[in-house]
Amino acid sequence: MTETNLLQGKKGVVLGVANKRSIAWAISKGMSDAGAELAFTYQNEKLKGRVEDLVSTLPAECSLFPCDVTDDEQVAALGEGLSRDFGSIDFLVHCLAFASREDLERGFSQTSREGYLLAQEVSSYSLTAVSRMAAPLMKDGGSIQTLTYLGSERAVKNYNVMGVAKAALESSVRYLAADLGEKGIRVNAISAGPINTLAARGISGFTDILGQVAERAPLKRNVETEEVAGASVFLASDLSSGITGEVIYVDCGYNIVGL
Ligand code: 1JT
């Protein structure tokens with residue numbers, strides 16, 4: 001991405017960097033290039049090393065915190081760590097989702113209660129949990145962002161329980177925006193087109209999906225993680241100061257096409 005000073009003097013935290021292909025990592029590089037000071041979280045000790053290695057390639061020193069979003073104590077500890085290291089923050093980027101593999105392969109009606117609740121907890125409720133933690137740290141207002149996918153509003157083959165979780169996530173974006181707006185906190189989602197990240201790769205038929213989307217999308221190609229990062233930098237910057245509660249599509253236009 002082109003370097004700008006759009007985020008000079010701003011501080012923020014990115015949740016969900018897993019590896020170098022992660023959308024969260026492209027966003028982190030975009031934020032860093034734009035001059036932001038960053039903190040990161042990792043889910044557990046097993047994943048810490050990979051995040052550390054990636055973060056060490058950024059030019060500035062960054063803080064790293066453990067945060068399994070299913071544990072309220074870890075979310076609270078993240079808030080304390082950010083307060084200690086940064087005092088206040090300007091943005092939070094939520095790039096977390098989970099569903100069990102079998103729930104993304106069987107018919108939707110086969111979804112178990114356990115699988116449904118787990119997808120909701122990690123992929124949807126966690127946005128509310130981290131927003132509650134972040135709001136008191138956003139002393140000059142702020143930008144909270146999450147990632148979603150078109151499967152929230154269309155029945156997309158195999159997306160299944162994640163589609164239901166993303167529908168709840170997008171609704172949460174609107175309710176959080178309405179709740180936190182008076183504090184100057186904006187809450188938005190980026191709906192990315194399908195991208196060949198490691199999370200997506202194991203899904204049967206994913207390569208087919210990429211091909212079909214590229215054929216039908218107005219721009220006749222798939223979207224790249226750097227393009228999602230561009231929208232994310234915009235949403236963290238003052239350029240988007242009038243935008244809240246929105247779902248912004250970064251999908252080469254796929255969502256607008258009928259036939
Ligand atoms: C998860 C996974 C959330 C893959 C995801 C996701 N959000 C988008 N993708 C990629 C994707 C997946 C399917 C799809 C289109 C895009 C993996 C498990 C953790 C949560 O179907 C058309 C299935």
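Model, not experiment: these values are computed from the prediction. Numbering of ligands and ligand atoms starts at 1, following listing order. This chain uses plain numbering: 1 for the first residue, then up along the sequence.
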Of all the non-hydrogen atoms in the protein, which one sits nearest to atom 11 (C) of ligand 1, and at what distance?
-> Phe206 CE1, 3.5 Å

re atom 5 (C) of ligand 1, the protein heavy-atom contact at minimum distance is Tyr159 CE1, 4.0 Å

Protein heavy atom at shortest distance from atom 1 (C) of ligand 1 = Met162 CG, 4.2 Å

Would you confirm whether Ser112, through its side chain, and Gly115, through its main-chain N or O, come within 3.5 Å as a donor-acceptor pair?
-> yes

Among all protein non-hydrogen atoms, which one is nearest to atom 18 (C) of ligand 1, and what is the separation to 0.1 Å?
-> Leu104 CD1, 3.8 Å

Show which atoms of ligand 1 fall inside a sub-4.0 Å distance from at least one heavy-atom site of Ala199.
-> 17 (C)

Is there a side-chain contact between Gln145 and Ser232 (heavy atoms, below 4.5 Å)?
-> yes

Nearest option to atom 4 (C) of ligand 1, as decided by whichever heavy atom of Leu150, Ile203, Val156 sits closest | Ile203

What are the two closest heavy atoms between Leu235 and Ser143, and how far apart are they?
-> O-OG, 2.8 Å

Does an N or O from Tyr149, backbone or side chain, lie closer than 3.5 Å to an N or O of ligand 1?
-> no

Can you sort out which atoms of ligand 1 are near Lys157, meaning under 4.0 Å from one of its heavy atoms?
-> 21 (O), 22 (C)

Does Ser240 reach the main-chain N or O of Ser237 with its side chain, forming a donor-acceptor pair under 3.5 Å?
-> yes

Work out which heavy atom in Ser172 is nearest to a heavy atom in Ala168; give both atom names and the distance.
-> OG-O, 2.7 Å

In terms of heavy-atom contacts, Ser83 and Leu137 come closest through CB-CD2, 3.6 Å

Phe98: numbered ligand 1 atoms lying under 4.0 Å from its heavy atoms = 19 (C), 20 (C)

Could you tell me which atoms of ligand 1, counted from 1 in the order shown, lie closer than 4.0 angstrom to a heavy atom of Ile209?
-> 21 (O), 22 (C)

With distance as the sole test, does Asn44 use its side chain to make a donor-acceptor pair with the main-chain N or O of Leu47 at under 3.5 Å?
-> yes

